[in-house]
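Side chains are part of it too, since the values below use all heavy atoms of this structure and drop only hydrogens, waters and symmetry mates. As the structure is a prediction and not an experimental result, all values here were calculated from the model.
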Amino acid sequence: MVSALPSPPSPPTPPAPPAAVPRRRRRRLAAILIAVPLVVVLLVIAAGVTWFSTNSARPTPPAAGAVAFDEPLRIPELAPSTVEDGVRVFDLEAREGRTSFLPGSETPTLGYNGSYLGPTLVATRGERVRVDVTNSLAESTTVHWHGMHLPAAMDGGPHSPIAAGADWQPEWTVDQPAASLWYHPHLHGRTREQVDAGLAGMFIVQDEEESALALPRDYGVDDIPIIVQDRSFGADGAFAGGLGMQFDGVLGDTILVNGTVGPFLDVSTELVRLRLLNGSSARMYDFTFADGREFALIGSDGGLLDAPVPSTSIPLSPGERAEIVVALSPGERVVLQSQAPDPALHAGGATFDVLELRAAASLAPSLELPGALADLPRAKESDAAAHRSFVMSGLNINDRQMDLGRADFVSTVDTSEVWSVRNENPLPHSFHVHDTQFRVLSVDGREPPPRLSGWKDTIALEQDREYRLLVRFEDYADPTTPYMYHCHLLWHEDQGMMGQFLVVEPGQAPELSRPQGDTDDHHDH
């Protein structure tokens, strides 16, 4: 018997070519190296597309020509006052209410002495005034006198909260030129919410020089406050709208003028004076007339210009004011509009209607405007005690967020300073300073335009334009209570885009402390 022979061993598996694995790894590595930056680029592009598409779809009022002007413009009443021991006394009560803006609905609102907005306070330079403020809200508030020169403890900033149910009686002497000022809350982290709900009103300062000029000044007849705001409404009539991705703040799709939707103003005189206030919390306007007519710009934030400036448009950022005088002919109608703001503001590109002026068939004659208005001192920087720089970036100023317990700098009373202010981001910003009215020295090294030649407390900041301001601190020193400077787009302010400074006597030490109970955690997210 023959035995079986063993099977020969299987031949070994030939090894893979030595270059195959490394080549596949190199391909995967190359693919990863290409894919990762490509994904990053695509994400950046997608974010940019989202940002710009959101901006293009930002809440915007109806296009010019689409508004039916069918409501008479509401004129805020003049606040009554009494004189007690030589002091003119006003009463203001912040209260909750409901206001009918649209047919068939009511909107929960806040107002002073009423359901929405507040009365117009009028005082004369040299008068001692007191405002007895009562807070009937369910939360704290403040009342800030925007544009007023007054002691820091009376300024109504975030260091002066008025608790729910409490009172506040600020008192000061009015000592500044005739001007259109305004008042509104300045509660830390809640300013936008309370202003948007309706807490705002005008404060008109008069003086002998302005009263002697041939200017329209019959309040409610040929001298008209124009508080322009934008709001959106929900199906239930309540104010609606959110931040979106445009980062201005809360924008609206409906224009209110003195709380009136679709307003018209019956004009009975040849000339009418409009005291324009951008009372919106975020929207920037560039006011013009639909037919391109010329008007006279006679005043800015802090008072009259040295002479009327012939103009066809006047841009205003939130908080800014301008006084214009426009001429009408019998029987004509003309629409006040807002045209697209300067593209460098990155604040939208729409044109929309604001207010219709309706001239009567017969107009009472008006006196010719004077060729000279106010004697403005020449802005000189040679005696500046300090130079400071402020860079607006994102929601910071000089890379800092607001801290109520920190004085960002200290200035000396009766000195002047030069402040250089620049917005380095493609976000809309403005710059507002409490207490003082400043002068604009230059814009990008050039003379400021005529509209910025007078007294100012708020300016719009286009991207990468440097504004040099001459700021003077007069009369009032307080080592414990600060003044504010901030972006006046109110959501930006509430997010911490604000700083504060003390004004002290020469050699006096600052003694700032955080307000009792403040946690610095009030941002309006």
Side-chain angles (χ1 to χ4, degrees), residues 69-81 88 90 112-114 116-125 177-182 200-229 255-277 279 287 289-290 293-300 303-305 308 311 314 321-336 353-370 373:
F69 296 103
D70 51 12
E71 290 293 329
L73 178 69
R74 173 182 171 268
I75 306 296
E77 67 176 12
L78 290 172
S81 63
R88 183 169 299 282
F90 300 92
Y112 296 108
N113 298 0
Y116 190 75
L117 297 179
T120 299
L121 280 62
V122 180
T124 302
R125 185 173 193 173
S180 297
L181 313 180
W182 68 304
M202 295 197 77
F203 196 134
I204 295 175
V205 174
Q206 301 174 333
D207 66 16
E208 292 181 357
E209 290 76 10
E210 188 273 343
S211 297
L213 296 172
L215 294 174
R217 65 170 51 83
D218 188 353
Y219 183 86
V221 178
D222 63 359
D223 185 354
I224 313 295
I226 304 292
I227 304 174
V228 183
Q229 303 167 300
I255 294 297
L256 308 181
V257 183
N258 299 347
T260 312
V261 177
F264 65 86
L265 173 67
D266 287 325
V267 177
S268 59
T269 56
E270 293 176 337
L271 298 180
V272 62
R273 179 183 189 173
L274 304 180
R275 298 177 185 260
L276 299 172
L277 160 62
F287 293 105
F289 286 96
R293 73 179 55 198
E294 192 175 85
F295 55 84
L297 174 65
I298 64 169
S300 54
L304 297 175
L305 303 178
S311 308
I314 178 67
R321 289 89 62 211
E323 297 184 29
I324 68 173
V325 176
V326 59
L328 284 88
S329 299
E332 74 172 335
R333 296 187 178 189
V334 61
V335 175
L336 178 69
D353 295 333
V354 175
L355 166 71
E356 184 178 65
L357 304 182
R358 299 180 178 179
S362 177
L363 298 175
S366 299
L367 296 175
E368 183 179 352
L369 288 182
L373 296 172

### Query
Are T260 and E71 linked by a side-chain donor-acceptor pair shorter than 3.5 Å?
no

Quiz: residues 358-370 side-chain donor-acceptor pairs under 3.5 angstrom, not counting sequence neighbours:
unit_1: R358; atom_1: NE; unit_2: E356; atom_2: OE1; d: 2.7
unit_1: R358; atom_1: NH2; unit_2: F69; atom_2: O; d: 2.6
unit_1: R358; atom_1: NH2; unit_2: E356; atom_2: OE1; d: 3.2
unit_1: S366; atom_1: OG; unit_2: E270; atom_2: N; d: 3.4
unit_1: S366; atom_1: OG; unit_2: L271; atom_2: N; d: 3.0

### Query
Rounded to the nearest 0.5 Å, what separation is found between the CZ atom of F289 and the CG atom of L328?
7.5 Å

### Message
Return the CZ to OG1 distance between F203 and T120, rounded to the nearest 0.5 Å.
### Response
10.5 Å

### D218 side chain vs V221 backbone, donor-acceptor pair below 3.5 Å
no

### Task
For residues I226 and F287, determine if any side-chain heavy atom of one lies less than 4.5 Å from a side-chain heavy atom of the other.
no

### Task
Answer yes when D222 and R273 have at least one side-chain N-carboxylate O distance shorter than 4.0 Å, and no when they do not.
no

### Query
Between E208 and R125, does at least one N-O distance fall below 4.0 Å, as a salt bridge requires?
no

### N258 side chain vs P225 backbone, donor-acceptor pair below 3.5 Å
yes

### Query
Within a strict 4.5 Å, meaning less than it, do heavy atoms of the P308 and L373 side chains meet?
yes

### Query
Can you name the closest pair of heavy atoms from G259 and L117 and give their distance?
N-CD1, 3.9 Å

### Task
Take S81 and R88 through the test side chain to side chain donor-acceptor pair (under 3.5 Å) and record every step on the way to the result.
CA-CA 6 Å; S81 63; R88 183 169 299 282; 2.9 Å; yes

### Task
Please confirm whether the backbone N or O of A178 pairs with a side-chain atom of D207, one donor and one acceptor, at under 3.5 Å?
yes

## Note on the structure
Closest non-hydrogen contact found for I314 with A322 is CG1-CB, 3.9 Å

### Query
Looking at F295 and V325, what are the two nearest heavy atoms and their distance?
CB-O, 3.5 Å

### E332/R293 ion pair, N-O < 4.0 Å
yes

#### Entry: Heavy-atom check, side chain of Q206 versus side chain of R217, under 4.5 Å
no

### Task
Would you check if D223 and R275 make a side-chain contact, meaning some heavy-atom pair closer than 4.5 Å?
yes

## Note on the structure
Rounded to the nearest 0.5 Å, the CG atom of L277 sits from the CD atom of Q229 at a distance of 8.0 Å

### Query
Hey, are the side chains of I255 and D353 touching, using non-hydrogen atoms and a 4.5 Å cut-off?
no

### Query
For L355 and L265, what are the C-alpha separation, side-chain angles and deciding distance, and is it a side chain to side chain contact (heavy atoms under 4.5 Å, CB included)?
CA-CA 7 Å; L355 166 71; L265 173 67; 4.3 Å; yes

### Query
What's the shortest heavy-atom distance between A200 and Y112, and which atoms?
N-CE1, 3.4 Å

### Task
Determine the minimum heavy-atom distance between L215 and I298, stating which atoms define it.
CD2-CD1, 4.2 Å

### For the student: nearest non-hydrogen atoms of A179 and E323, plus distance
C-OE2, 4.1 Å

### Task
Using a 4.5 Å cut-off on heavy atoms from C-beta on, say whether the side chain of R333 contacts that of L357.
no

### Query
Are any of the side-chain heavy atoms of I224 and V272 separated by less than 4.5 Å?
yes

### Summary
Interatomic distance, CZ@F264 vs CG@D70, rounded to 0.5 Å, equals 8.0 Å

### Message
So L305 and S300, do their side chains get closer than 4.5 Å, heavy atoms only?
### Response
yes

## Note on the structure
Taken to the nearest 0.5 Å, the spacing of L276 CG from L336 CG works out to 6.5 Å

#### Entry: Inter-residue atom distance I204.CD1 - L181.CG, 0.5 Å rounding
9.0 Å

